[in-house]
Structure formats: C-alpha cells, structure tokens
Asker: 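Here it is: the structure, laid out below.
Predicted model only: the values in this text are computed from it and were never measured. Throughout, protein chains are lettered first and strands after them, A, B, ... in sequence-line order, and every chain is numbered starting at 1.
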Protein chains: 2
Amino acid sequence: MDAPPSRPHGSFRAGKKPQPLDLSHHYSEMTKHRVPSKMKEYYKFFQIPGIGNLAGGLPNVSFFPFDTLEAQAAKPERWTPTPNHPGDSDDSAISKKLASTTLSGDPTVATHIGVPKAIKETDPLKKVDLESALQYGLAQGYPPLLSWIRQFTREHLHPNVPYEGGPEVILTCGSTDGMSKTLELFVDTWVPEKDDPRDRPGLLCENFVYGNVLTQAAPRGVQTIAVEADEGGMVVSGKGGLEDVLANWDYARGKRPSLMYTVTMGHNPTGIVLSLERRKEIYAVCSRYDVIIIEDDPYWYLQFPSAETGEAQSRSLPAPERKPAPKPAKSSGYDFLDSMVPSFLSVDVDGRVIRLDTFSKTVAPGCRLGWITAQPELVQRYLRIAETSTQQPSGFVQSMVAELVMGPDSSADSEAKKAFAALRSNKDRANFTGWKMDGWVRWLEGLRGQYERRMNRMCQILDENSFQLKTGAFANSSDGDWGVVTKTQLFDFAWPRGGMFVWIRMHFEKHPLWHAQRTDAPVVLDGTAMSTALMLFLTRKQYLVLVSPGMMFSADDKVRSEIGWAYYRLCFAAETEERVDSCTERFAAGVQRFWRIKDVKVIEDIINNPPFVAESDEVMFGNLGTFAGC
Amino acid sequence: MDAPPSRPHGSFRAGKKPQPLDLSHHYSEMTKHRVPSKMKEYYKFFQIPGIGNLAGGLPNVSFFPFDTLEAQAAKPERWTPTPNHPGDSDDSAISKKLASTTLSGDPTVATHIGVPKAIKETDPLKKVDLESALQYGLAQGYPPLLSWIRQFTREHLHPNVPYEGGPEVILTCGSTDGMSKTLELFVDTWVPEKDDPRDRPGLLCENFVYGNVLTQAAPRGVQTIAVEADEGGMVVSGKGGLEDVLANWDYARGKRPSLMYTVTMGHNPTGIVLSLERRKEIYAVCSRYDVIIIEDDPYWYLQFPSAETGEAQSRSLPAPERKPAPKPAKSSGYDFLDSMVPSFLSVDVDGRVIRLDTFSKTVAPGCRLGWITAQPELVQRYLRIAETSTQQPSGFVQSMVAELVMGPDSSADSEAKKAFAALRSNKDRANFTGWKMDGWVRWLEGLRGQYERRMNRMCQILDENSFQLKTGAFANSSDGDWGVVTKTQLFDFAWPRGGMFVWIRMHFEKHPLWHAQRTDAPVVLDGTAMSTALMLFLTRKQYLVLVSPGMMFSADDKVRSEIGWAYYRLCFAAETEERVDSCTERFAAGVQRFWRIKDVKVIEDIINNPPFVAESDEVMFGNLGTFAGC
C-alpha cells in the first residue's frame, strides 16, 4: 500500500477543523498543464467606473432578439408531500394510505415569472436580467444562481462538512458533463495497443451501475472494477468487497484504482440508500487507500421513509424497528433535509469527495444544468476545464432557474418588477415572486411525495403478483375432491429506499423451461435468453410494457453473465400518473403468463421475432452498456 | 511529404460528385476507441405505439415546474439593413451616408412567443413543446431545431459543397465547446516531460489569432504554428507562408501539423475576410499536405461591402475597382447570402473542412448554442463525444430559439397556438408567429446593417485623428512669420471587411520617447512598454476607454515580441449605440495626448501606477493568451 497523502503541517491543531488534503498527485497530465485564465487580471479593467469598452468582443445587449424571458411556472405547493418520519403517522397501514392518496397536482397552482432585459441593480448576485444572463459570463456559473446554489449546498444540503472552510461549487451542463470533466481532471487516457497494462487506470463501482458512466470511461482506457454490493450498498469487508479489492490488488491488471463512482441515494439501478454507517466504513477504506469518491446523486431528495414499513406491511412481516429521527450536528434548517441520509461530504475529513448534482430530476432533464461540490482547490481545477470547453451553462436556463428559485420579492418597488411592468402592457403579469429557499425545499418535498406514492403503488401491485399459484390435477379420494396447489415465487425485490427504480430479481431458474435444450441452436435456454425473451414478450400487444434488462447495468462481463440476466429495472417516474398502475399490472400479467409457457419453441419464437428487425441482435441484447442519460 | 489519403474506389466517376475522404487516420486514440451508443437499438422499443415505459429513467413531464416558456422577442424588421453591393447605390459618399443613418432600432417592433407544455403533433421535427424540449433528448440536438439548422446550413448557407451528399450538422454548446470537441476528436495529449518531441501535435494558425483557442490547445501539448498573414489573410507562398511551413517542416519540432484553425470572415482580431481565391490556394496546400481546416466563423454574416469604398473615400484615395456581384453556382435563395464570400466548405472536395458556427453573435452569447458542419462521418464522431459529455444543449435555449425562428404559422388552428391559448387567460398573447427562414435572414441583414454603420463611424473618427500635426517655433523672416508643421502618423489600419474589430497598428516607433533609456530599470522604452503604457493611459479618467493589446492575440512569443506590441484591437460591438462615437473620440484624444509626452518618467509613472494594483504585472501584460470567449 502506498503512503496516503500527508496533511499540511498543523492542520489538525486542537479546536481547528482539518484542511482538505492536497490531491494534486491524482491529477491527469492535462490538468497539470492547465493554467488559470490570464484574463482574470484583465477583467479588473472592466470594473473601472464608466470605462468605455472597446476591448471585449461582446455584442451589445440591444442586439439580442429577446426582450424578456418569461414562463408560466408551478408554485411549490402544487404537489403534496409525504411524512418525513413514518413514525409520525398513527396509521399503521402507511403504505396503503399513501398509495391511495389522490396524486395529481393542481396545474392552476402556478405563477407567471419573467426575466426583464435590464434592471438597475449593482449587486451582481442580485442582478437577474438578460443583459447579464445572455452575455458572455463566468465559467463557474451565473453569479446570482451560483451564489444561490452555493448557499443551498453549503448551508442547507451539506451543513456538516468536516474540513476547514467547507466545499465550493461550480455549475455544470448536467451531471454527464460533470462526470466527463471529472474524468478529464483525473484520468490520463490509456491506449491498449500502446501503453503498459500496469498503467491502466481503474474506476471502482458497485457490480450494478449506471451504464452511461462506463461508456464515458471506456474510451479513456479506464477499466471498471466491480465491487460486491448487498442490500445495503457496496460491501466493505469479505471476498469481493472494497477492502479485499484494494488490499489484494493485482498490479499486473493496472494501477490500483484511485477513483470510485457511486450513486448513494436511490442507487441506479438498485434503489438502495447508503446508510451513514456504511458510508463511514467505505470512506475509511477510501481514505486509507487514497481513493477519490465521486458521488453522483440525482435522486438524493427521493428518500422514501415509508419503504421499509410499507414493504413489511405489504408482506405481512413484522414491523421494522422504529428508528429515531436523525439529528445532524448542525441542522439544515429544514426538517425535510435533516431527515435525509447525508452525503459522503458529511464525513469527508480529507476533502476526497466530489459530488455531482443536477437539476435534471428536480426541474427537468432538458435543463442540462447541475453543479459539482468539492474542496475549493478541485473546484478551481474544474473551472479551468470549463473555461476551455463548455464555458457557462446556457444563460437561458440559468436565468430562468434563477428567477424561479430566487425571483424578485413581492415588495412593489423591486427593480425587476418595475422593469418588467414598464415593458409589458399587461401589468398583472408583473406580479410575480420567486420560490425562495423555503419554496425550493417545499417543491422537493412535494416531488418526493409524488414519487413515494408512485413507488408504493407499484410495489404493492408487484407484491400482489409475485407468486404463481398452480392447481394440480384433481383426484377423487374418500375425503372428496382434492388438488395440489403449488406456489412459485416468480420474482422478488426490496421496496426501493430511494430514487426512481424498482430492481426486480426474476426467478428464471424456476421457469419450467429453465435450461431446456433449444431447438434452434445447440445450447440451452439460459438466463440471458430468458431475460431477453421475457423482455420482448412484455412488449407484445397484450402487455405492451418496456422494462430495462439488468444486463444493461452490469459493471462487467462477469456480472452480466453470472447475475445480470436475473434482474429488470422498473421505473415508476416516466409514465403518466394514471398509467403507472396499469403498466405495472400488465407487467405482472405478462410475467405470470410467461411462466405458463411450456413449449421451448414458443420462447424461441419470441426471441427470433422481436417487434421489429434489429440490425444486430448481439448489439441489442448482448452488451447494453448505456441508457441515454437516465 | 506523406502520401495523401486515397479516395474510395470509383469516387471520381464522370458526372458524379466525389465522396468525402476517409480521415480516420487523423483520429485521436480516444476517438478510435469510442463506440456508437448501444442504446440506439433499444430506442426502437420506445416507438412501439402505446408502449408503457417502465424502462427509461425519465421524470414525467408533469413534474417539470415550467408550464410554458415565453418571451418578448424582436421582429426581424427591428434593424435597418445596408446594401449588399456598394455599387447598387448612386451615392458616392457611401460611408458618410451609412455613418449618418439613424441607428437605433425600434424596441416596439416585437412579438410575444411561447412554447407550451405539450402539443398534439406527431412529427418530431415540428413538435416544439416542453414535453419534448425539457426531457432527455438526442445529443445531436433538439429535432425541430436541428432540422431547421440543417436546412439553413445545407440549402442556404452552403448550397455548393462539392462532395456527394453534402455536409451534416450537429449542435454544440457554442463554438468553444465545438473547438474543445474538435481537439478531443483529433488530438492525443502530448506531455513534454514524458513524450517524444517528434510526436508533438501542432496547430496551424495566422500570426494573430483568437487566443482562447491556444488556451484550449496548450494543455493537450499542442504547439501553435504561426503562419504569416498579409492584408488578405494567411499567406500561401513565400517565406513563412503555409507552403513553406509545411514543405520545410522540421520533424524534430513535432509532427507536421495536420490541423489548421482559422477565422475567415471578419477575422478576430484582424478584421480580414478571406477571399475565395485565397481560400482555393490555402485549400490546395491543405489538401496536398493532408491538413484538416477548422473554420471558426462567428461573424460570417458581418461582411461589410462598404468598407473598401468607405476607406478610399475617407482617405481621398482613388475609388476601388467595382467588382461584379458574386454569382454562386447554386443560389442560396437570398441575395444577402449570395453576396457573402463563401465558406471553405464551398471548395471542400475532400471533406476536410470542419466549420464551427454559433448563435453567440446572431442571438446572444449566453445561448451557449452553436453547431458544427462537416462531412457525415466526422459528425458521427462528434456525436459520440457529445453523448458522453455535454449531451444536448440546454432545452431552454433550444426550444426558445426553435420557437423564435420556426414558430407556429399564423393559421388559427395551429396546435401550438391552441395549446397556448388554452393555458393562458390572456388570449391575445397567443397570437404569435415565428420568424421563418426569411425572417432569420432578414434579422441577420439588419444586424449587419447595424454593425456596418458602427464600423463606418468608428473608422471615420479614427481616420480623422490618425495624424498628429505639430507646429514648430515661429520665426521672423523678410517674408513674414512662418512655422514648420510636421505631420506624424500615429496609427494606421484597414477598414475591417468584416466582423466586430478594428485592428490598429500603432506607430510607437515614431513616439518621441521610443527606445529612450528608462530611469527605473536598465532597459529602454520598447514596444511592449509603450503598448502597456498607452493602454493604461487610455483607462485614465480623461479618456476612460479600454482597448485590447495585440500581445493578447499573438500566436507565439516571437510574434508577441516582434510585432504584437504594435497593435490594438478596437471592438465596435460591445458599447451602446450612443457611446461608440464618444469612446472612439476619447481613444483618439488619448493617443494624441500620449504622443505629446516628452518625459520618460511620465511613461514610467503610467506603467508603475495602473488604476489598481495587479497581483502580478507580468501575468497581466506579458502573455495574455486568452480573451474570455470573445
């Protein structure tokens, strides 16, 4: 084991928080050769009051064709929250109660918001107008939105980061962009045809993983190192666990991995929420082996306190132990946020955690807007990358999201409102205010409520259909007619503790045709064939439902061939409210029907006649490594 | 010289256009190891009519807080165009006429546009709504906008691309992103401490260059190869010209460069528009030496037909030869577009031209939206990069720009208008139409008019102040009092033929203190000191104007120290309409005053007392390699 990076002298003095570690030994060659923008010195000249700007190649704002940007936007109260602590409710059948609640929000709970062309506001952190938002800007982000996100991140989302000064933030064009920049920051491209195998970089992840990340890493020559995971997330001890992988690293395979990628709150695809205890264990090992943790949490606010109770009730199991509500050292200021399992950042003594956040699941994927939270030195390095690639995220989304969450105050003399009212003939439209921090948190609570109820309903329907009852032939006996009823479990799953997905283990090994000899090829009906067949069967007209095969999320070929075929990922987010139930019922009906197929030729026909001719079946089902941004 | 890539068999058959060349030998290792998204096969399932989607991890559109996106937007007629051919006007004093025209557009020439949440439209190329724009999308771009840009690019902007099938397009997050992806596509990072100097990649460019590109290329180890340029652009023959650089390449310096970066229409910083003749010469050499041409043209529509005439008139020089209006083989359909010097794409027989376009100068920099035009195979490779980094540009800007330029028809039954009217209580706001292609071209014509008039006025003021008249001591003679008047030219410049910049050559060598011994250091007042001093002097209260020193745009240290100090770039775009004149006058006054300084200590005081204390003067003025996105 290499020596871990040393702490700056005196950083552990009594009563002082530690300084984050210097992690520059992890930088890629390109990162090492990046210099800060030399223009920063020059920017100062623009601050000279009244300076005539013949220097910058900026088009004048009068030439922008947009005089305002406006929107009809939801108020935070559109959606109904769920309780933060299931114990708060006296209703023992909590999941049933949740599942039966009327779900649809009221579309009239809305307000009109707008960004005017120019307001008289000298504080750049308060100036939300098109003159600033649609001009060239700062690569770290639009100052008002950046400062708002910084406040949310530092004070409310992660109020307990242990290192001195706390983390910084930089905006991204969404978390795919954030991950891309992270790879550029740390990874030197490794070329199999030219480079020494011992130099190959590695990325630690769970055995099931969001495949897009592997697609990002692969062309850089990064190898995926799959770590065992159980129902609580990545396993630390024991064979195949994190400690084992790192301690017994075979250097002939490549460099011992120094990056870990993980989704910790509503894991994609497994739905796991990593507990604080498990986090501490994983962090300790990462600290010992000098591994940087990339925490990608698009679903962090979708933690479902009813899942454990609901699962037990639905399955008539003993009620789980009631856990006390968590008490963070420093409150976020919101009971909703305090009730969440905290980020790896909350235990990040070293400053080795990089967290990726996105507006994709809280506002909309089309925002292409997110942010990175990390120790300040790393954020400076991200900034240099952003300056020469994406620059700032689009001012259209930055200003509209800023207006949505920050908006002008309702006080009638706000500069923005005056500017807006002056322009618009329709004065009442100028009567808008932003969500503010309270409204933003309330919006997230409402969304969590919507998703939690969807999850409850889908899981109940699945629980009701997870067994197949088969009645054997009747026989006469002196006791009267009797029959044998067999009960086969077709699938099982844990109610997801967070996120958007139910991760179902299909019991293909209990299918009557499991490992039957195929007639169209000299092989048996194995897991991969079964997984493909059922997936295709479900798209047929009677069932008409599409699921994601677990093979898509398998971290490597071993995982894919050994257990990947056994899983499907079911998403309860994409469909319309009213269709979630019916889709789940059709899924259940399709699975039940599939288990009644007794002729191997029927299965073969399903496999050989997909709903359309694929250009390559092998590509289609063999190695699905990615799932477009979701 | 290496053998140029060979053409596919039969591609030159009679009557057939050639196929674009296979340029895959230029790909970076990362590009070679990128595979197409495997999800494309899977996408087909989503097309099954009525399919229930439990597969994709997409949030449902009902959870997006934006119910509409709207804007007050200019109509194309807001600005007044200038003539496409100066010969069209009988007024010989064309520049004076242009310069005196009232400039400000009418802000009431506006319309209200809007994107509704969801419209019933089955054609994805016509469906502009939030349900599609704010969802996960295609990395090549939002289908309606992509198809509109594709049409504009292929049919109107570049109707004469010589290879079979013509070019394809892919959207970017602006041209900095486009260039970043281009470097990723072609360049293997070269590390000075580790790699063989002979493997170093190179980038050809003019001796003065948009510095941001060098900042992008440098951390990849790319060396800049400065090619001589004259008043017509990059020089082909003779010492230091393109042919010389490539033919006499010293392989000890690195690989013979296979990439060229150039701004060809309103060059930044020199304002040159590269003629079709020069393009053909440069292209022939690039084809011979297998160089890929990256044409970055944010100012392409700002070509100023009045510049040559105006310059001659302003300086009382003979009128330039009247050139016949260009007649492209195939018309763009618009006289305005036909009047433009065409892109390198118009001579791109090989398919070796990559063109970067942006909405930054036609709509707004904050869009972070642009596109790449290139042969289809290259566009496919860009797509793979986009899929794993930026994904699509923000749906906010994509849908708003789509609505602006495509908008619904005025027919009352348009789906978008119905959806919009149903939502909005204020029905008259639903009465909007888009610009359409005609309106878009009209908008560009109007903008060209605005910029051309600004250019004319700035250049006239500069011409009026380029000489310093000094009257010597009076003396008595029998003929009466007489004096000696000396006339010193302080600067010269060509009226820019395009773009946003005047590129001024300062005659520091004619300053009374040129190469005077400094008192604060054992050196003389050289060009760098003079350039810095005047630049700082101009920011003082009397003049209060900021210019960009030519050192910022010098392609390498040699250019910077030999001639970079002699130039300033003046931008006539950034300031408000009414301030362009006064800023230019203050610039002229400051220059005049600067030339009257006779005490070296005054210059030293200017240099040593900038308007604020810079953290490092060396960083500030020594090597300014970049100018934030502009």
Asker: Using the side-chain hydrogen bond (donor to acceptor under 3.5 Å, both in side chains) rule, pick out the option among Arg78(A), Gln72(A), His112(A) that qualifies with Asp67(B).
Answerer: Arg78(A)
Asker: Relative to chain B, which segment of Leu130(A) carries a heavy atom at a distance below 4.5 Å: side chain, backbone, both, or neither?
Answerer: neither
Asker: Contact part of Thr362(A) toward chain B, heavy-atom cut-off under 4.5 Å: side chain, backbone, both or neither?
Answerer: backbone
Asker: Between the main-chain N or O of Gln216(B) and the side-chain N or O of Thr388(A), is there a donor-acceptor pair closer than 3.5 Å?
Answerer: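 No; zero donor-acceptor contacts below 3.5 Å.
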Asker: With a 4.5 angstrom heavy-atom cut-off, is it the side chain or the backbone of Leu404(B) that approaches chain A, or both, or neither?
Answerer: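 Only the side chain of Leu404(B) comes within 4.5 Å of chain A.
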Asker: Okay, side chain of Thr68(B), backbone of Ala71(A): is any donor-acceptor separation there less than 3.5 Å?
Answerer: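 A pair under 3.5 Å: no.
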Asker: Tell me, for Met30(A) versus chain B, whether the close heavy atoms (under 4.5 Å) come from the side chain, the backbone, both or neither.
Answerer: both
Asker: How far apart are the C-alpha atoms of Ser399(A) and Phe396(B), what are their side-chain angles, what is the distance that settles it, and do they pass the side chain to side chain contact (heavy atoms under 4.5 Å, CB included) test?
Answerer: CA-CA 10 Å; Ser399(A) 62; Phe396(B) 281 70; over 6 Å; no
Asker: With a 4.5 angstrom heavy-atom cut-off, which part of Ala218(A) approaches chain B: side chain, backbone, both or neither?
Answerer: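 Neither part.
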Asker: Of the backbone (N, CA, C, O) and the side chain (C-beta and beyond), which part of Thr189(A) lies under 4.5 Å from a heavy atom of chain B, both, or neither?
Answerer: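 Just its side chain gets close to chain B.
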Asker: Can you name the nearest heavy-atom pair linking Asn53(A) to Glu575(B), along with the distance?
Answerer: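 Looking at all heavy atoms of both residues, the shortest contact is N-OE2, 2.7 Å.
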Asker: Check each atom of Glu193(A) against the heavy atoms of chain B and say whether the ones under 4.5 Å are side chain, backbone, both or neither.
Answerer: side chain
Asker: Can you tell which part of Met179(A) gets under 4.5 Å to a heavy atom of chain B, answering side chain, backbone, both or neither?
Answerer: neither
Asker: Would you compute the distance between atom CZ of Arg368(B) and atom CD of Gln391(A) and round it to the nearest 0.5 angstrom?
Answerer: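 If I round to the nearest 0.5 Å, the distance is 4.0 Å.
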Asker: Of the backbone (N, CA, C, O) and the side chain (C-beta and beyond), which part of Arg34(A) lies under 4.5 Å from a heavy atom of chain B, both, or neither?
Answerer: both
Asker: Taking side chain as everything from C-beta outward and backbone as N, CA, C, O, which of these in Pro269(A) sits under 4.5 Å from a heavy atom of chain B? Side chain, backbone, both or neither.
Answerer: neither
Asker: Which pair of heavy atoms, one from Ser394(B) and one from Cys367(A), lies closest together, and at what distance?
Answerer: OG-O, 2.9 Å
Asker: Going through the distances and angles, do Ile48(A) and Leu544(B) end up as a side chain to side chain contact (heavy atoms under 4.5 Å, CB included)?
Answerer: CA-CA 8 Å; Ile48(A) 299 173; Leu544(B) 208 59; 3.8 Å; yes
Asker: Sort out for me which of Ala574(B), Gly395(B), Ser180(B), Ala74(B) touches chain A most, counting heavy-atom pairs under 4.5 Å.
Answerer: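 Looking at each of Ala574(B), Gly395(B), Ser180(B), Ala74(B) in turn, Ala574(B) comes out on top.
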Asker: What part of Pro76(A) is in contact with chain B, defined as an atom under 4.5 angstrom from a non-hydrogen atom: side chain, backbone, both or neither?
Answerer: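 No part of Pro76(A) comes within 4.5 Å of chain B.
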Asker: Trp190(B) versus chain A, heavy atoms under 4.5 Å apart: side chain, backbone, both or neither?
Answerer: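 For Trp190(B), there is no contact with chain A at all, as no heavy atom is under 4.5 Å.
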Asker: May I ask you to test the Ile51(A)-Val545(B) pair for a side-chain heavy-atom distance under 4.5 Å?
Answerer: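 They are not in contact (no side-chain heavy atoms under 4.5 Å apart), so the answer is no.
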Asker: For Lys194(B), check salt bridge (Lys or Arg N to Asp or Glu O under 4.0 Å) against everything at least two apart and list the hits.
Answerer: Glu29(A)
Asker: I'd like to know whether Phe572(A) forms a side chain to side chain contact (heavy atoms under 4.5 Å, CB included) with Leu54(B), so could you lay out the CA-CA distance, the side-chain angles of the two residues, the decisive distance to 0.1 Å, and finally the verdict.
Answerer: CA-CA 6 Å; Phe572(A) 46 84; Leu54(B) 300 181; over 6 Å; no
Asker: Check each atom of Gln398(B) against the heavy atoms of chain A and say whether the ones under 4.5 Å are side chain, backbone, both or neither.
Answerer: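 Neither part.
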Asker: Need one label for Leu447(B): side chain, backbone, both or neither, based on atoms under 4.5 Å from any heavy atom in chain A.
Answerer: side chain
Asker: What residue in Ser389(B), Cys583(B), Cys173(B), Ser28(B) has the most heavy-atom pairs under 4.5 Å with chain A?
Answerer: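 It is Ser389(B).
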Asker: So, for Tyr451(A) and Phe63(B), which heavy atoms are closest and what is the spacing to 0.1 Å?
Answerer: OH-CD1, 3.2 Å
Asker: Counting only heavy atoms closer than 4.5 Å, note whether Pro298(B) contacts chain A via side chain, backbone, both or neither.
Answerer: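 No part of it gets close to chain A.
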